[in-house]
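Worksheet for the structure shown next.
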Amino acid sequence: MNSAVASPRGTGTRNTRILGILTIASMAFLALLGLVFSAEDRDQGSSVRIMYVHVPSIWVAYIAFGMTAACSAIYLSSRNRSLIWDRFAGAAGEIGVLFVAVSLVTGSLWGRLSWGTYWVWDARLTSTAFLFITYLGYLAVRRLGGTHRQRARRSAVLALLAILEIPLVHFSVRLWRSLHQEATVATGGTDVHMDGLMLFSLFFGLISFTLLFLWLVIHRQRSLALEDAMENRGLDAAIEARREEAVS
Amino acid sequence: MDLTPRTSGDAASPAKKKRKWAPIAFIVVALIAGGVVVTQFLTTAIDYYCNVDEVGSREGCTDDRRVRVQGIVEQYSVKSVDGSTEFSMTFNAKKISVKYLGDPGGVFQECIPVVAHGRVVNGVLESDRIEVKHSNQYVEKNETRLDEANNEAAACSVSEG
C-alpha cells in the first residue's frame with residue numbers, strides 16, 4: 001500500500017528545509033535569549049522567562065485561527081472551491097489548537113509562580129479554555145465523514161463562527177475585572193511597559209514561533225493533501241499497488 | 001484499509017456507510033466541556049469582584065456575602081501571626097485589614113496588587129484565598145535600579161490603581 005501513496009517521498013521541499021533550518025536556529029537563539037541573556041524581572045524573578053513561550057504560543061494560535069477563518073472564507077467564496085483552502089484551514093486549526101494548549105499549560109505554570117495558583121475561573125483564562133474547546137470541536141467536525149467537499153463546507157462555516165471568539169479572548173481583560181494582566185506591548189499606544197532585552201526577546205520569540213507555525217502548517221497541509229489523495233484512490237488503487245509490489 | 005478483494009455482488013450493492021461515532025462522541029464531550037467551563041466561570045462570578053473602596057458601598061460588595069476584593073498591599077503592613085498572614089489593602093485612598101490563614105505564595109509582597117477572596121467580618125476581610133496580581137510592567141532586575149525601585153516602593157501606598 002505504501003507505494004500507492006509514496007510517489008511524493010515526503011512533504012519537504014528545498015524551501016521548507018531552509019525554513020526548517022531557520023526555525024530551529026531561531027528557536028535555539030530564543031532559548032539562549034530567554035534562559036541566559038535576558039534578565040530576571042524585578043518582581044517575578046526568573047518565572048518571567050515563561051513569557052517567552054507563553055505569549056508567542058497564543059500569538060501563533062491567534063494567527064492560526066485567523067488563517068483558518070480566512071482560508072475558510074476563501075473556500076466558500078471562490079468559484080472553483082479548491083480544496084487546498086480547506087486543507088490549509090484544517091492544518092492551521094490543528095496547529096492553533098496545539099499552541100493554545102501550550103499557552104494554557106505555560107500560563108498555568110506561570111500563574112502558580114506569580115499569582116500563587118494554577119488556575120482561576122477568570123475571564124481571560126476561561127475564554128481561552130473555551131476557545132480551546134471550540135477548536136477541538138472544529139477538528140472533530142472535520143472528521144465527521146462524508147465527501148471532502150462536505151467536510152470543507154461544514155467546517156468552513158464553523159471556522160467563520162469560531163473566529164468571533166478571538167476578540168472576546170483578547171479584550172476579556174478590559175471587558176471584565178481580571179486577575180490576568182492587561183496588555184504590555186499591544187496597548188494601542190506607544191507606551192510599552194517592558195525593558196529593552198526583555199522586549200527584544202519577546203519579539204524574537206514571536207518571530208521564531210511564527211516561523212515554526214509556517215513550517216508546520218506547510219507540512220501539515222501537504223500531509224492532508226496526501227491523506228485526501230489516498231482516500232480518493234480508494235480500495236482498487238490499493239489492491240493494484242499490492243499486485244505491483246508482488247510482481248516487482 | 002481493508003484490502004480483501006471484493007466480490008462482484010459487493011460492487012453491485014455499495015456497502016453501508018459506516019457512521020463515524022468517535023468524532024460525534026468527541027463533539028458531545030466538547031459541548032459538555034464548554035458548558036462546564038461557562039458554568040464554572042459564572043459560578044465564580046457569584047463572588048462579587050470589588051475594589052477596596054467599594055466594600056460596604058457598592059451593590060454586591062456588602063458584609064453578608066463572599067466577595068473578591070482587589071487592592072494593593074500596604075507597605076510595612078504585612079505581619080505573620082500564629083501561622084496566618086495579616087496585612088492592609090488599599091485602593092483609592094480607602095483601606096481594609098485582611099487576615100489570611102497561611103502564606104499567600106506567588107510573588108506576594110508589599111506594594112503589589114492582590115485579589116483576596118473571603119467575607120468581611122467586623123471590618124476585617126477574613127480571606128481563604130489570595131491571588132497575586134502582577135502588573136503589566138516588566139522591569140529588569142539589576143543593581144543600578146535599586147534606588148528607583150525603593151522610591152517606587154515608598155510611593156506605592158500613595159499612587160495606586
Side-chain angles (χ1 to χ4, degrees), chain A residues 1 38-45 47-48 51 111-117 120-123 125-127 129-130 132-146 173 176-185 187 193-199 202 230 234-236 238-239 242, chain B residues 1-6 17-20 22-34 36-45 49-51 68 70 103-109 111-115 117 129-142 145-146 148-149 152:
Chain A
M1 191 163 70
S38 74
E40 290 181 8
D41 180 70
R42 190 185 61 193
D43 295 326
Q44 300 186 52
S47 69
V48 74
M51 174 177 68
R112 180 71 185 87
L113 294 168
S114 60
W115 300 338
T117 180
V120 281
W121 292 103
D122 165 272
L125 279 71
T126 306
S127 57
F130 197 73
F132 177 65
I133 291 165
T134 302
Y135 277 91
L136 279 179
Y138 167 80
L139 296 184
V141 164
R142 289 188 66 84
R143 292 180 185 277
L144 276 178
V173 288
W176 291 279
R177 288 181 178 176
S178 172
L179 186 65
H180 194 283
Q181 64 155 86
E182 286 193 23
T184 296
V185 180
T187 55
H193 312 288
M194 191 178 289
D195 275 354
L197 192 55
M198 292 168 121
L199 187 61
L202 182 61
M230 228 184 95
L235 187 60
D236 290 337
I239 291 172
R242 272 292 169 85
Chain B
M1 184 176 284
D2 181 13
L3 296 183
T4 313
R6 289 185 300 195
K17 270 191 178 178
K18 280 186 183 172
R19 189 170 286 281
K20 293 191 170 183
I24 293 172
F26 197 82
I27 291 169
V28 171
V29 171
L31 286 173
I32 293 169
V36 169
V37 165
V38 172
T39 308
Q40 284 294 332
F41 175 56
L42 294 176
T43 307
T44 310
Y49 207 137
C50 317
N51 291 327
R68 288 181 283 175
Q70 173 184 252
D103 177 13
V107 290
F108 180 85
Q109 56 189 287
C111 303
I112 203 159
V114 295
V115 177
H117 298 236
R129 180 171 181 177
I130 287 181
E131 291 145 4
V132 183
K133 192 178 172 182
H134 69 76
S135 75
N136 60 349
Q137 302 213 355
Y138 292 84
V139 181
E140 288 177 1
K141 184 180 180 181
N142 62 40
R145 291 253 172 97
L146 272 180
E148 192 184 324
E152 275 183 32

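Residue numbering restarts at 1 for every chain, and letters A, B, ... go by the order of the sequence lines.
Contact of the K133(B) side chain with the W115(A) side chain is not registered, since no non-hydrogen atoms from C-beta on lie closer than 4.5 Å. Side-chain contact between Y138(B) and M51(A): present, with at least one pair of heavy atoms (C-beta onward) separated by less than 4.5 Å. Counting heavy atoms from C-beta on, the side chains of L136(A) and I27(B) never come closer than 4.5 Å.
Considering only residues two or more places apart in sequence or on other chains, R129(B) meets the salt bridge (charged side-chain N to carboxylate O under 4.0 Å, His left out) condition with E131(B). A search for side-chain hydrogen bond (donor to acceptor under 3.5 Å, both in side chains) contacts involving S47(A) returns nothing, not counting sequence neighbours.
With a threshold of 4.5 angstrom between heavy atoms, D103(B) does not approach chain A through any atom at all. There is no contact between L199(A) and chain B, counting heavy-atom distances below 4.5 Å. With a 4.5 angstrom heavy-atom cutoff, V37(B) touches chain A via backbone and side-chain atoms both. Proximity to chain B involves both the backbone and the side chain of S114(A), based on heavy atoms less than 4.5 angstrom apart.
Summarising the geometry, atom NZ belonging to K141(B) is positioned 11.0 Å from atom CZ belonging to R42(A); distances are rounded to the nearest 0.5 Å. Here the CD1-CD1 distance, from I32(B) to I133(A), works out to 11.0 Å after rounding to the nearest 0.5 Å. Atom CG of residue L144(A) and atom CD1 of residue I24(B) lie 6.0 Å apart, to the nearest 0.5 angstrom.
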What's the verdict on side chain to side chain contact (heavy atoms under 4.5 Å, CB included) for D43(A) and Q109(B), showing C-alpha distance, side-chain angles and the deciding distance?
CA-CA 9 Å; D43(A) 295 326; Q109(B) 56 189 287; 4.1 Å; yes
So M198(A) and E140(B), side chain to side chain contact (heavy atoms under 4.5 Å, CB included) or not? Walk me through it.
CA-CA 8 Å; M198(A) 292 168 121; E140(B) 288 177 1; 3.6 Å; yes
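Counting heavy-atom pairs closer than 4.5 Å to chain B, the top-ranked of the candidates G111(A), A123(A), A129(A), G45(A) is A123(A). In terms of non-hydrogen atom pairs under 4.5 Å with chain A, the most contact-rich of I130(B), V114(B), V115(B), N51(B) is N51(B).
The closest donor-acceptor contact from the side chain of D41(A) to the backbone of V139(B) lies under 3.5 Å.
The minimum heavy-atom distance between F26(B) and A140(A), with the atom names listed, is CD2-CB, 3.4 Å.
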